[in-house]
Amino acid sequence: MNPSLFTGKLVRLAGQDPEIDPERIARWNRDTEYGGFISVHPMQLEGPAKWRERLQGEVTDRHYHFSIHALDGDQPIGFESIFGTRNQHGDCWVGIGIGDRAYWGRGYGTDAMRLLLQFCFQELNKHRVSLAVLSNNTRAIRSYLKNGFVQEGVVRGSDHRFGLRQDVVVMGILRSEWQAAVT
Amino acid sequence: MNNSLLVGKLTRLVQIDPEPLGENYARWARDTEFMQLFDTEAPVPRDAKKTQEWLRKRMEKARPGDFGFVIYPLEDDRPIGVTGLWDAMNPNRDAWVSVGIGERELWGKRYGSDALDLTLGFAFRELNLHRVNLNTFEFNERAVRSYLRLGFQAEGEMRGAMRRYGRRYNLVYMGVLREEWYARHRDLLETA
């Protein structure tokens, strides 16, 4: 068992700060390559005030939001969330975004997801964790596979993004798969 | 008057009226077998008044793309179930669909299929959607058969995402594309 629940090899998780984080999130979302992958909704430019309101409202026992800090330099580089929790069925959904492009493709997101899965299984006692990703977000899919996610379905043409119909890939990881990978 | 958009072979779709629907829905909800086939949430008993209030609140909070319908059989004037399209006005041009027949003596008689096909017709003929999604439970074999018959394709299985009856079951994701639905309804395509 990892003695440190919220600190990995490259990143640590912190609570989101409604005072500090909104500026940064609003800035990340102006990067259309990032903004296009992060949500199924059309990209829009929302200022810090909107994000502040959102961050203040969403922390409950069914929603968890973390800020991802790089250990080198200790600055926030992205966020991750848990939502869609149904405790009676033991499942939840997760989402992640590395907003700071200097940290793309270098294992920071993978390390952050590893910590999030550890939190889901060790602390929240989940049976499985689900996520959805645009099929052309190959970098994200590679990262999820590395953490043990299995592709469970392809929702044909359910998203319209970057001017094209896109498939959405649904992935899941079971507790047993996670256990086998970490021991 | 040609009202074929909302009138099928066995059923017709009617606007939600919280009074009669609430009363009937509360009765259906006491049938826990129905609720276990219909909803991921645990079945809880509810009375007619609370259900009517809940329906009123839901109607107030409805987004422009939420269309809830009550299913009536052609032969008489009582609600037998519910269907609806949810989030149908988003720019991706897709929506979620749901259907449930609360009157158990009408199960397996294609009332649900007929009503769902009407809802799909509404989605593709009027709202011009690109696709319609649903999810259902591995153990609801009757529903899965009905969806396949209407042109849905199984697109994925979320392994063990449902815990019920003391074990785990898959959550089944299904989808039907506009052209797949029209392939079964060629008569509805206008030819120039």
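Order of the sequence lines sets the chain letters (A, B, ...), proteins ahead of strands, with each chain counted from 1.
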Practice task
Give a yes or no on whether the ring-centroid distance for B:Phe137 and B:Tyr169 is below 6.0 angstrom.
Solution key: no

Practice task
Quick one: which of B:Gln153, B:Met162, B:Arg159 has the most heavy-atom pairs under 4.5 Å with chain A, could you say?
Solution key: B:Arg159

Practice task
Measure from the ring center of B:Phe67 to the ring center of B:Trp86 and say whether it is less than 6.0 Å.
Solution key: no

Problem - A:Val170 portion near chain B, given a 4.5 angstrom heavy-atom threshold - result: side chain

Handout entry: Contact origin within B:Asp94 toward chain A - heavy atom pairs under 4.5 Å
Key = side chain

Problem - Cation-pi, B:Tyr165 ring and B:Arg167 (6.0 angstrom, 45 degrees) - result: no

Handout entry: Donor on one side chain, acceptor on other, B:Arg131 and A:Ser158, under 3.5 Å
Key = no

Practice task
Assert yes or no for the condition that the ring centre distance of A:Tyr64 to A:Phe83 is strictly below 6.0 Å.
Solution key: no

Practice task
Against chain B, label A:Arg165 side chain, backbone, both or neither, depending on which of its atoms sit under 4.5 Å from a heavy atom there.
Solution key: side chain

Practice task
Taking the six-membered ring for Trp and the single ring otherwise, decide whether the centroids of B:Tyr173 and B:Phe152 are under 6.0 Å apart.
Solution key: no

Fill in the blank from the handout: The interface call for A:Asn87 against chain B, heavy-atom contacts under 4.5 Å, is backbone

Fill in the blank from the handout: Whatever's closer than 4.5 Å to a heavy atom in chain A on B:Ala42 counts as backbone

Handout entry: Contact origin within A:Arg156 toward chain B - heavy atom pairs under 4.5 Å
Key = both

